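What follows is a set of notes on a single structure, which appears directly below.
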Amino acid sequence: MASLPTEMGIFQRVIERGSFAGAAEDVGLSPSAVAKLITRLERRLGVRLINRTTRRLALTAEGEIYLDRARDILEAIEAAESEISSARVSPHGHLRVHVPLLCG
């Protein structure tokens, strides 16, 4: 089962690409796996997020709300990871060295 951020990211990708196949190509899954993931997400939420036709995908009102919130959440996760990663690159803090008096 995919994590919530993964589901949100794939949902966002589907909308950005306009198809399950395009999103599947981006995330390395099959189009049917992406479609099933979106269906499970909709079932879990109890609302339809995307209206599907043979020609196109269209967000429902609930889908637009979910997409906006998902973007905010994914950006916050990315910012947190970037902040932590950059903090790890440059050392900071105090360094104390204790040596015997003869070595000093």
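Computed from a predicted structure; not experimentally measured.
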Checklist entry - Does Glu78 offer a backbone N or O that forms a donor-acceptor pair with the side chain of Ser82 under 3.5 Å? => result no
Item to check | Side-chain heavy atoms of Leu49 within contact of Ile38, under 4.5 Å | outcome: no
Next on the checklist: Would you say that Glu62 contacts Ile65 through its side chain, given a criterion of any heavy-atom pair below 4.5 Å between the two side chains?
Outcome noted: no
Do you know the tightest heavy-atom contact between [X] and [Y]?
X: Glu42; Y: Ile50; value: OE2-N, 3.0 Å
X: Met8; Y: Ile73; value: CE-CD1, 3.7 Å
X: Pro5; Y: Leu74; value: O-CD2, 3.6 Å
X: Ser19; Y: Gly22; value: OG-N, 2.9 Å
X: Leu57; Y: Arg52; value: CD2-CG, 3.7 Å

Checklist outcome for this item: Phe20 meets the ring pair (Phe, Tyr, Trp, His ring centres under 6.0 Å) criterion, sequence neighbours left out, with none
Next on the checklist: I'd like to know whether Gln12 forms a side-chain contact (heavy atoms from CB on, under 4.5 Å) with Ile15, so could you lay out the CA-CA distance, the side-chain angles of the two residues, the decisive distance to 0.1 Å, and finally the verdict.
Outcome noted: CA-CA 5 Å; Gln12 180 180 349; Ile15 300 309; 6.0 Å; no
Next on the checklist: Applying a strict under-4.5 Å side-chain criterion to I, L, V, M, F, W and Y, I'd like to know whether Leu29 and Leu4 cluster together.
Outcome noted: no
Item to check | Test log, rule side-chain contact (heavy atoms from CB on, under 4.5 Å), inputs Ile10 and Leu41 | outcome: CA-CA 11 Å; Ile10 292 172; Leu41 175 63; over 6 Å; no
Checklist outcome for this item: CG (Leu67) and CG (Leu59) are apart, to the nearest 0.5 Å, by 6.0 Å
Item to check | Contact list for residues 13-25, test salt bridge (Lys or Arg N to Asp or Glu O under 4.0 Å), sequence neighbours left out | outcome: Arg13-Glu16, Arg13-Asp26, Arg17-Asp26
Checklist entry - Among Lys36, Arg40, Arg44, which one satisfies salt bridge (Lys or Arg N to Asp or Glu O under 4.0 Å) with Glu7? => result Arg44
